Amino acid sequence: AWRYFEINTRAETGLADSVAGHRATTMWDTASHLLGVVAAGRLGLIDAAEVERRLESALASLARMPLFEDELPNKSYDTVTLAMTDYDGHPTPRGIGWSAIDVARLLVPFEAIAWSHPRLTPAVRAVLGRWRTGRMVRDGLMYGARVDVDGQTQ
């Protein structure tokens, strides 16, 4: 599993392709990648400096990527340019929406990073500080968003 991330992590952004050779990722897959980096360090597959370098690069990209309607991460991104894409990897300046499940899953590695690599906590906060969760959470439940065929956010 670690070999996959070694081969498929983009030097430009520190993000890993969800599918080998397909330069796109979702936040679900990004969460898997970040947890993989943390696990590789804990298993001794890479040293602490390599763990922090990889996490720092990915977090810096997450902190600068465009957000869907300036609120939350889009459902898919180009792993080289950080452009929002549709699920086929085609750039879409507006984006296609957000996944509440993917966003919530990304919080798991953020917690692991903050606890096991406290020097990177400000980088995690820089990512989270951009997010506006108001429309995602209602009455204690999380909701996703999508752009419908009429171009409206649902």
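Quick note: residue numbers are just sequence positions, from 1. Keep in mind the model is a prediction, meaning the values are calculated, not measured. Both backbone and side-chain heavy atoms feed into the values below; hydrogens, waters and symmetry mates do not.
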Treating Ile, Leu, Val, Met, Phe, Trp and Tyr as nodes and any side-chain heavy-atom pair under 4.5 angstrom as an edge, say whether [X] and [Y] lie in one connected cluster.
X	Y	value
V137	F68	yes
V38	L45	yes
L107	L59	yes

Just by distance, do the side chain of [X] and the backbone of [Y] share a donor-acceptor pair under 3.5 Å?
X	Y	value
N8	V19	no
D29	A16	no
D86	D88	yes
D148	D150	yes
R105	M27	no
D78	A24	no
Y77	P66	yes
D47	A49	yes

**Prompt:** Which of these passes side chain to side chain contact (heavy atoms under 4.5 Å, CB included) with L62: V127, T13, L128, L82?
**Reply:**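 Answer after filtering V127, T13, L128, L82: V127.
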Hey, does [Y] have a side-chain heavy atom less than 4.5 Å from the side chain of [X]?
X	Y	answer
V124	L34	no
T85	H90	no
M136	E71	no
W2	I46	yes

[X] to [Y] - nearest heavy-atom pair and separation:
X	Y	answer
Y143	W98	O-NE1, 2.8 Å
A104	M142	CB-CE, 3.7 Å
M84	G95	SD-CA, 3.8 Å
R42	S116	NH2-CB, 3.4 Å

[X] side, atom [atom1]; [Y] side, atom [atom2] - distance, nearest 0.5 Å:
X	Y	atom1	atom2	answer
K75	Y87	NZ	OH	4.5 Å
I113	L120	CD1	CG	7.0 Å
L35	L106	CG	CG	9.0 Å
R23	L15	CZ	CG	12.0 Å
R130	M65	CZ	CE	8.5 Å

Under the side-chain hydrogen bond (donor to acceptor under 3.5 Å, both in side chains) test, residues paired with [X] that sit two or more places apart:
X	value
W131	none
E69	R94, R135, T153
T25	S18, T30

**Request:** Name all residues meeting the ring-ring contact (aromatic ring centres under 6.0 Å, His included) criterion together with F110; count only those two or more places apart in sequence or in a different chain, and write none if there are none.
**Result:** none
**Asked** Linking Ile, Leu, Val, Met, Phe, Trp and Tyr through side-chain heavy atoms less than 4.5 Å apart, which residues share a cluster with V149?
**Response**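 When side chains under 4.5 Å apart are linked, V149 ends up in no cluster with other residues.
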**Prompt:** If you look only at pairs with a residue in residues 28-51, which of them pass as a ring-ring contact (aromatic ring centres under 6.0 Å, His included), with sequence neighbours excluded?
**Reply:** F5-H33
**Prompt:** Just wondering, more than 12 heavy atoms not from R125 lying within 6.0 Å of its CZ?
**Reply:** no
**Prompt:** Should we say atom CD1 of I7 is surrounded by more than 12 heavy atoms from elsewhere, each under 6.0 Å from it?
**Reply:** yes
**Message:** Using side-chain contact (heavy atoms from CB on, under 4.5 Å), reason through E6 and R54 one step at a time and then give a plain yes or no.
**Reply:** CA-CA 10 Å; E6 284 184 315; R54 286 175 174 273; 4.2 Å; yes
**Prompt:** So D17 and R10, salt bridge (charged side-chain N to carboxylate O under 4.0 Å, His left out) or not? Walk me through it.
**Reply:** CA-CA 8 Å; D17 296 342; R10 300 291 181 155; 2.8 Å; yes
